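Nothing here was measured: the structure is a model prediction, and the numbers come from that model.
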Amino acid sequence: CALPICRFAFSAAEEIRVRGRGRPLAIHRLSQAFAAPSPLPTGNKALVGRDAEYAELVERLGSGQGGLIILEGEPGAGKSRLLWALREAAEASQHPKIEAAAHVIERATPYYIFRSLLQQMLREPGEREQPDSFLLRTRLHEALAGTGLAEKAALVEDVMPFGIQSTDLAAQIRGAARQAGIEDIVTVLAARKTADRTQLILLDDLHWIDALSADLLLALSRRLPQLLIVATSRPLDMAEAVHAARVMQRASRRIPVTRIDANGTGQIILDILNAESVPRRLAEFVFRQSEGLPIHIEQLVLSLQEHGLIEVRDGKCLIHASDLTTAAVPRRLRDLVVERIDALGQVDQLVAKVASVIGRVFEMVALQAIYPMPTEAFSLAASVGRLARAGILESAPSRDGATHAFRHVIIQEATYDLMSYAQRRSIHHRLVGEIERRHADALEPHYSELAHHCEHAGEAPKEIGRAHV
């Protein structure tokens, strides 16, 4: 094969006699070679079928029109991709931005999303390294100087421990007054960033927001009308997502992120295959099977390619099946993901499974620390690279180091479910130890994470309580 990496198809086994060997040897003859799948498109690809939504968001950002905007759609519809595109637009136009994500295991953690946002508010433009606690404290005191809030600075310890010594005044503030003081401080910090240009807050997975984060987010939106807040959310279960519902009720605009039409499906296929043209019957088949859900389109096309049913040659997509509807490819999205994971090499399967225990987003240092077999960092990095090319993982924006993510939580959950209970329990146990080791000096912000992994490791809750509460 002329390409550096190829896929091959072989004949059924046949036996031959080899001199010096008593038993026949089974061989397979090469029958066909296919080009390897192209690397999956990442954030630099144009949005498909989202022109109107993207244009509205960019217009708001460029005109200085703030507001609270919710991108609402089912899992896999492309909400996070639209948020990523707005992030890129903000970077290109040099608008200040900060970003965070709510998390399912942190739904009861007070001010969870503001842990990250607060630190970003105290960063300088272009600063790549995470400032230490001393520098963050210094910047906080400088920002509050002359505002009448300096004596209350220790209130932010309720959000994120910076090591600020409490004053007599701060220690006496309780209840609603304490919450109001935190609101005043965060508003001052956010207002500094909006002096010259519209500041953008990007928030993923609003449906998991905690109560105090929801209150503070609404306060910022009310007190800083020039602030543009754009959040993604699934359709809400009102009984389970009461805090997200409060935010959505006060949104200035709710933008539905719906499924892609047939034309958009064809364009997504072109992007995935890096092809110049796609047969109509392929586009129609994929649209019917996926019903226009972008994550389903992607996984189905990659599966067809891996099965050798489609191939790109000289920019054209060729179909190697007379009838795609009879092809041995799973129809359901979750089944597609499971089959694709099962087809990976053993090492890549294990890497994906271990990563899925950490969560949708993970750092390489954590992956290596809990990996159950001795291995070099470069070997893990190579496996992560292969998983990214296979459309299982992708690079994730990170302010603090090399971070990777599953392309969608659906893929992460399906990968996790492939492990036995014993496998999960062992890796969760290793992760508990790693969290305790890495954050020994400031463990409190990780209590919910520890409790989650202890529960799945089969460890008694009292072990967290005894050591950390």
Side-chain angles (χ1 to χ4, degrees), residues 42-43 57 68-88 90-91 97-121 123 130 159-160 186 190 199-218 220-221 227-236 240-241 243-245 247-248 251 255 257 295 355-363 366 393-413 416 435 445-449 452-453:
T42 54
L57 293 172
L68 174 57
I69 312 299
I70 309 296
L71 305 177
E72 188 176 6
E74 65 185 299
K79 304 180 298 295
S80 298
R81 177 65 190 88
L82 189 53
L83 204 67
W84 171 271
L86 183 59
R87 178 184 189 269
E88 290 182 321
E91 289 182 342
K97 59 164 179 50
I98 54 178
E99 54 197 303
H103 197 287
V104 62
I105 67 175
E106 304 286 358
R107 287 176 293 181
T109 302
Y111 297 112
Y112 176 72
I113 68 167
F114 280 92
R115 291 179 176 178
S116 174
L117 295 178
L118 185 60
Q119 293 184 67
Q120 293 173 68
M121 289 177 186
R123 282 191 168 185
Q130 171 65 44
V159 181
M160 183 72 185
V186 176
Q199 178 171 341
L200 177 64
I201 294 182
L202 301 171
L203 175 61
D204 212 358
D205 296 330
L206 173 72
H207 43 276
W208 288 324
I209 197 170
D210 64 274
L212 289 176
S213 287
D215 290 341
L216 186 47
L217 194 69
L218 287 171
L220 286 179
S221 179
L227 184 65
L228 179 58
I229 303 171
V230 181
T232 68
S233 178
R234 298 176 182 177
L236 297 182
E240 293 188 0
H243 310 307
V247 175
M248 292 185 73
I255 300 176
V257 182
I295 186 66
S356 75
V357 174
I358 302 173
R360 184 192 171 189
V361 179
F362 62 93
E363 296 178 349
L393 302 179
E394 63 183 0
S395 295
S398 171
R399 296 166 296 278
D400 304 319
T403 305
H404 302 272
F406 286 85
R407 284 193 64 81
H408 198 276
V409 68
I410 293 171
I411 299 176
Q412 181 235 332
E413 291 174 348
Y416 181 85
I435 294 170
H446 303 276
Y447 283 174
S448 294
E449 187 181 5
H452 168 80
H453 292 296

Keeping the roles fixed (side chain from Arg360, backbone from Phe406), state whether a donor-acceptor pair exists under 3.5 Å. yes
Worked verdict on Leu71 versus Leu57 for side chain to side chain contact (heavy atoms under 4.5 Å, CB included): CA-CA 10 Å; Leu71 305 177; Leu57 293 172; 4.2 Å; yes
Exercise for review: Look only at the side chain of Glu106 and the backbone of Ala102, and say whether a donor-acceptor pair between them is shorter than 3.5 Å.
Suggested key: no
Heavy-atom check, side chain of Leu206 versus side chain of Met248, under 4.5 Å:
yes
Arg234 and His207 have their tightest heavy-atom pair at N-ND1, 3.1 Å
What is the ring orientation for His103 with Trp208, classed by angle as parallel under 30°, tilted 30 to 60°, or perpendicular over 60°?
tilted
Value for CD1 (Ile295) from CZ (Arg407), rounded to nearest 0.5 Å, stands at 6.5 Å
Smallest heavy-atom separation, Pro110 atom then Leu212 atom, equals CB-CD1, 3.7 Å
The reported gap from CG in Leu228 to CG in Leu202 (rounded to nearest 0.5 angstrom) is 8.0 Å
Ile98 and Gln199 have their tightest heavy-atom pair at CD1-NE2, 3.3 Å
Scanning both residues in full, the closest heavy-atom pair of His408 with Pro75 reads NE2-C, 3.8 Å
| said: With a 4.5 Å cut-off on side-chain heavy atoms, are Asp210 and Arg107 touching? | reply: no
Here the pair of heavy atoms bringing His453 nearest to Val357 is CE1-O, 3.3 Å
Worksheet entry | Test item: Leu218 and Leu68 side chains (from C-beta on) under 4.5 Å apart, heavy atoms | yes
Any donor-acceptor pair under 3.5 Å linking the side chain of Lys79 with the backbone of Gly73?
yes
Note to self: Whether the side chain of Thr403 engages the backbone of Phe362 through a donor-acceptor N/O pair (distance < 3.5 Å, no angle test) should be reported.
What the structure shows: no
Taken to the nearest 0.5 Å, the spacing of His404 NE2 from Leu393 CG works out to 8.0 Å
Here the gap from Gln130 atom CD to Gln120 atom CD, rounded to the nearest 0.5 Å, amounts to 9.0 Å
Note to self: Between Leu203 and Leu217, is the side chain to side chain contact (heavy atoms under 4.5 Å, CB included) condition met? List the steps.
What the structure shows: CA-CA 10 Å; Leu203 175 61; Leu217 194 69; 3.9 Å; yes
Derivation of the side chain to side chain contact (heavy atoms under 4.5 Å, CB included) call for Thr109 and Arg115: CA-CA 10 Å; Thr109 302; Arg115 291 179 176 178; 3.2 Å; yes
Output for pair (Asp204 CG, Ser233 OG), nearest 0.5 Å, gives 10.0 Å
* Backbone N or O of Ser356 within a donor-acceptor pair of the Gln412 side chain at under 3.5 Å? -> yes
Minimal heavy-atom distance between Ser213 and Tyr112, with the atoms involved, is OG-N, 3.2 Å
Do the non-hydrogen side-chain atoms of Leu220 and Phe114 ever get within less than 4.5 Å of each other? yes
Interatomic distance, CD@Glu72 vs CD1@Ile255, rounded to 0.5 Å, equals 11.0 Å
